[in-house]
There are 2 protein chains.
Amino acid sequence: MSSTYGDQMTTIKDVAKVANVSTATVSRVLNNSDKVRSATRERVNTVIQELNFIPNAAAVGLQRKKTKTVGLIFPDASAYCFAEIIQGINRHLSQNDHQILISSAHDEAEEIKIINGFVRGGRIDGLIMMMPSANGNNGFRIPLAYKIPEVFISCEINAPRSTTILLDNYNAATEMMEHLSKLGHKRIAFIHGGEHNYDAHERYRGYMDGMKAYPTDGELNLVVMGNFTESSGFQATLELMKRNPRPTAIFAANDAMAIGAIEAARALKLRVPADLAIVGFDDISSAAYMDPALTTVHVPLRRLGHLAAEAMLKNLKTNPADRTTEKIIIPLQHIIRRSCGSE
Amino acid sequence: MSSTYGDQMTTIKDVAKVANVSTATVSRVLNNSDKVRSATRERVNTVIQELNFIPNAAAVGLQRKKTKTVGLIFPDASAYCFAEIIQGINRHLSQNDHQILISSAHDEAEEIKIINGFVRGGRIDGLIMMMPSANGNNGFRIPLAYKIPEVFISCEINAPRSTTILLDNYNAATEMMEHLSKLGHKRIAFIHGGEHNYDAHERYRGYMDGMKAYPTDGELNLVVMGNFTESSGFQATLELMKRNPRPTAIFAANDAMAIGAIEAARALKLRVPADLAIVGFDDISSAAYMDPALTTVHVPLRRLGHLAAEAMLKNLKTNPADRTTEKIIIPLQHIIRRSCGSE
DNA sequence: CTGAAAGCGCTTACAG
DNA sequence: CTGAAAGCGCTTACAG
């Protein structure tokens, strides 16, 4: 039991001295080199245990040019979902002896600055980016010429040799439209989550194509812009219900806005689903406890995180030249509850 | 504009060569030493810009024995609140040129292992721990003899020279009890969040003392154990409503359980608040959009994170011998809405 | 199988 | 004000 924490770091030299070997040998047992006599190995390992020795990460990193840490960039927006994704990433990464360096950014300039610092400062071996707002036409371009593995979550950057992990938002949304259509709805409104948000945009695309595919009332524009908050869902619904003719169903791009929509319906004395069907997206934990229980699309956030970590680890192990460009699309499942009006 | 990212890291040597000075001089301008002629400084800075040079963190860390990174340990439980706290910490820390290395743990053994790795591996300069489950009697003891600054969130470890940041759960809970009592309730039930959870326990203490301080119906035990999830709040409420006499109000230790309780009341055809008042704790974003809108206690999570980061930065700057033991208690504010029945 | 030595990219007394 | 040199704690050819 070592007891002098803090004051003086124990180094490989201390171990070497006590075990009566050279630092090279200690390093070899540390790195499981096969060229160490097993008696020596045992002796050294005992001393390592006794001294509670852990190699200095900076020294190892300086030599190996590997930090065993992965950078994680996520948006400043405080969405509940990031916590879950991070948990999923962390679990898998830490089981595989990798650390996570996180940072959040609220705009592109900050993002680039952070990434640059991480990469050029040699702080990370790979980068996982959650940037739902890096969607298409807003011109987001991070410097992608780094030679480290990149995993993108919820954005289509299409960087060569990178892995992109996407939710199958589009198909889930069209299926939701089909469901609503089968229930007889012809005037289905959509509350958007933000033009530059990838997930919101894909859900919107699915909505639009659903509107074309299924019988609808003419050329009504029933799309209102929200921002993923309950309050924006509330406001959007108030606005939509002023339309003439009114929509008979609302598809909110996430559950928080759907919850705001339900509250707005109540404020307007409309019964959900009898007067107005409302559906969401995400399946947050409270969705089943709303009144009425919310019909939505389940998003497996931990699994998303796990897949990102898995992809990262795999790329970390493969030679840069052998890395492929991959796109992983996670199929999504409906959760039919009461708010849509099916029984 | 450098364009050879990745392949070859630019080092201080490259800068020195181009600027026609020694590496020592480059290092001096990097560290804002005053003993550099301003002409030299400018020339070097220009080259640094041109080469987009950022010092290798491992090399700097190895020399300085400072990593400019703070470790952040949080529980595996996927609570929404951690995301907010992390945002608060990150914002302040990154503005002050510090990184965050995160990891989550699901038990004490794992926690100790992670911390040990961080500290002895020299990966961090300070440690912020969110461990609401490290409450009192479950014997949690991490090795605290490290000489690095420690900030604890929502747990009372009382480590010397550490900073502890706590919510004023107790007083907020007694005030909530007073509020309920003033509304005429004498049989107030409590849904606990977990015996070993610090916040839950303090809220429970406030509840208990409130039950003593205000007129109540005899010696009824109206406490049921939950686990902070909607479903546990739902179950607890079902159980409580079998009691005879029934409680007239339920105080849930968090909003998620209060939401579950509201749903349970609906299932039992009880009107909230007319038949049963329900209040929560946290003020999550959807609390205002429940039916009825949830009376609760607002918890300023970002501010909590900000305070933790602030304390960390302060301790990082002060000599270990001059560090004091501090406890910061954040006062909490009620949000009276409709679910408690006050109008 | 093991050790002496060089070197990873920085910083910092020490001289000048 | 500036540079040459040592050293932070490791790893890894190179010899033996």
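Predicted model only: the values in this text are computed from it and were never measured. Within every chain, numbering begins at 1; the chains are lettered A, B, ... in the order of the sequence lines, protein sequences first and strands thereafter.
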Can you name the atoms? Protein N/O to nucleotides 3-6 of chain D N/O, anything below 3.5 Å, with the distance.
{"residue": "D:dG3", "atom": "OP2", "partner": "B:S22", "partner atom": "N", "Å": "3.0"}
{"residue": "D:dG3", "atom": "OP2", "partner": "B:S22", "partner atom": "OG", "Å": "3.1"}
{"residue": "D:dG3", "atom": "OP2", "partner": "B:T25", "partner atom": "OG1", "Å": "2.6"}
{"residue": "D:dG3", "atom": "N7", "partner": "B:R28", "partner atom": "NH1", "Å": "3.2"}
{"residue": "D:dG3", "atom": "N7", "partner": "B:R28", "partner atom": "NH2", "Å": "3.4"}
{"residue": "D:dG3", "atom": "O6", "partner": "B:R28", "partner atom": "NH2", "Å": "2.3"}

Look at A:K66 and D:dT11 and indicate whether a side-chain polar atom (N or O) is within less than 4.0 Å of OP1 or OP2.
no
By ring-ring contact (aromatic ring centres under 6.0 Å, His included) - contacts of A:H92 (at least two apart)
A:H306
Quick one: side-chain contact (heavy atoms from CB on, under 4.5 Å) partners of B:V15, sequence neighbours excluded?
B:V26, B:V44, B:V47, B:I48, B:L51, B:F53
Under the side-chain hydrogen bond (donor to acceptor under 3.5 Å, both in side chains) test, residues paired with B:E326 that sit two or more places apart:
B:K314, B:T324
Who pairs with A:T67 by side-chain hydrogen bond (donor to acceptor under 3.5 Å, both in side chains), at least two apart in sequence or on another chain?
A:D125
List the residues meeting side-chain contact (heavy atoms from CB on, under 4.5 Å) with B:T46, not counting sequence neighbours, and say none if there are none.
B:E50
Partners passing salt bridge (charged side-chain N to carboxylate O under 4.0 Å, His left out) against B:K17 (at least two apart in sequence or in another chain)
none
State which residues pass salt bridge (charged side-chain N to carboxylate O under 4.0 Å, His left out) with B:D322; sequence neighbours excluded, sorted by chain then number.
none
Who pairs with A:T23 by side-chain hydrogen bond (donor to acceptor under 3.5 Å, both in side chains), at least two apart in sequence or on another chain?
none
With pairs taken as Watson-Crick or G-U wobble and both distances under 3.5 angstrom, which stems of at least three consecutive pairs involve DNA chain C?
C:1-3 with D:14-16, C:5-12 with D:5-12, C:14-16 with D:1-3
In residues 37-46 of chain A, which residues come under 4.0 Å of DNA chain C by heavy atom?
A:R37, A:T40
Considering residues at least two apart in sequence or located in another chain, which fulfil the side-chain hydrogen bond (donor to acceptor under 3.5 Å, both in side chains) criterion with B:T163?
B:N315
